[in-house]
K.L.:
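Just dropping this structure here.
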Amino acid sequence: NGDMRYYSGDLVDTDLYDKWFRVNLIHDVDKRNLTVFIDGMIKFETKDTGAGDFYFKCGVYVAPANISYYMESRWRDIKMYKKSFYIERRLVY
C-alpha cells in the first residue's frame with residue numbers, strides 16, 4: 001500500500017509506492033540512534049537494536065503475510081559515509 005515501516009512495525013512514511021524518493025539514514029552507533037530522512041525531511045527516529053554486527057542492505061526484507069510473492073526495490077546513486085574514530089579524536093585535540 002506504499003507504506004515504509006521499520007521492520008514490520010513502526011510507520012516511517014506513506015504513499016511511496018511506484019515513485020522515486022531520496023532516503024538518507026544516519027546511524028549513530030555510539031548513541032544507538034537511527035534517523036531516517038525521506039526527501040530531506042525527518043520521518044522517523046528510534047534506538048537501534050544494539051546488535052554488534054551492523055550492515056546496510058538495499059532491498060526488501062519481507063512483505064506482510066498474504067500480500068504478494070513479488071517484491072522489488074530500485075536504487076541508484078548510493079553513497080555511504082563513515083565517520084572514523086581516528087578522525088573524531090584528531091578533531092577533538
Side-chain angles (χ1 to χ4, degrees):
N1 65 2
D3 292 348
M4 178 188 289
R5 296 188 174 275
Y6 180 67
Y7 292 93
S8 60
D10 296 328
L11 185 65
V12 175
D13 204 357
T14 61
D15 193 32
L16 298 173
Y17 181 74
D18 201 26
K19 62 176 76 170
W20 285 101
F21 54 91
R22 188 179 80 231
V23 177
N24 296 95
L25 181 110
I26 298 174
H27 186 191
D28 186 330
V29 177
D30 292 334
K31 294 180 182 176
R32 297 188 53 219
N33 247 9
L34 185 70
T35 307
V36 179
F37 298 80
I38 304 291
D39 289 331
M41 297 181 63
I42 294 176
K43 294 292 184 168
F44 185 72
E45 293 182 274
T46 190
K47 293 290 185 184
D48 68 34
T49 58
D53 54 346
F54 298 106
Y55 67 95
F56 289 97
K57 173 187 174 185
C58 296
V60 180
Y61 278 91
V62 67
N66 302 318
I67 296 294
S68 171
Y69 291 110
Y70 177 79
M71 297 182 288
E72 177 182 25
S73 65
R74 297 179 184 195
W75 298 81
R76 65 179 185 207
D77 302 325
I78 297 171
K79 297 174 182 72
M80 294 184 76
Y81 301 94
K82 180 180 176 183
K83 184 177 180 180
S84 73
F85 179 72
Y86 173 74
I87 293 171
E88 184 176 333
R89 296 279 294 178
R90 207 174 89 205
L91 293 174
V92 169
Y93 292 111

K.L.:
From the options Arg5, Met4, Lys43, select the one residue that forms a side chain to side chain contact (heavy atoms under 4.5 Å, CB included) with Leu11.
P.N.:
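It is Arg5, the one option of Arg5, Met4, Lys43 that forms the side chain to side chain contact (heavy atoms under 4.5 Å, CB included) with Leu11.
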
K.L.:
Locate the shortest heavy-atom distance separating Leu16 from Lys19; write the atom from each residue and the value.
P.N.:
O-CG, 3.5 Å

K.L.:
Using every non-hydrogen atom in the two residues, find where Asp15 and Asp3 come nearest and quote the distance to one decimal.
P.N.:
N-OD1, 4.3 Å

K.L.:
Step by step, work out the side-chain contact (heavy atoms from CB on, under 4.5 Å) result for Leu34 and Tyr6.
P.N.:
CA-CA 11 Å; Leu34 185 70; Tyr6 180 67; 3.5 Å; yes

K.L.:
Do Val23 and Ile38 come close enough that some side-chain heavy atom pair is under 4.5 Å?
P.N.:
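The answer is yes; the side chains approach within 4.5 Å.
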
K.L.:
If you measure from CG on Asn24 to CD1 on Ile42, what distance do you get to the nearest 0.5 Å?
P.N.:
11.0 Å

K.L.:
About how many Å separate CZ of Phe44 and CG of Leu25, when rounded to the nearest 0.5 Å?
P.N.:
10.5 Å

K.L.:
Output yes when a side-chain donor or acceptor of Asp39 lies under 3.5 Å from a complementary backbone atom of Arg22, and no otherwise.
P.N.:
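Side chain of Asp39 to backbone of Arg22, a donor-acceptor pair under 3.5 Å: yes, one is there.
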
K.L.:
Compare every heavy atom of Lys31 with every heavy atom of Lys47, then report the nearest pair and how far apart it is.
P.N.:
NZ-O, 3.3 Å

K.L.:
Determine, using the 4.5 Å side-chain heavy-atom cutoff (strictly less than), whether Met80 and Val36 are members of one ILVMFWY cluster.
P.N.:
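They do share one cluster, since a chain of ILVMFWY contacts under 4.5 Å joins Met80 to Val36.
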
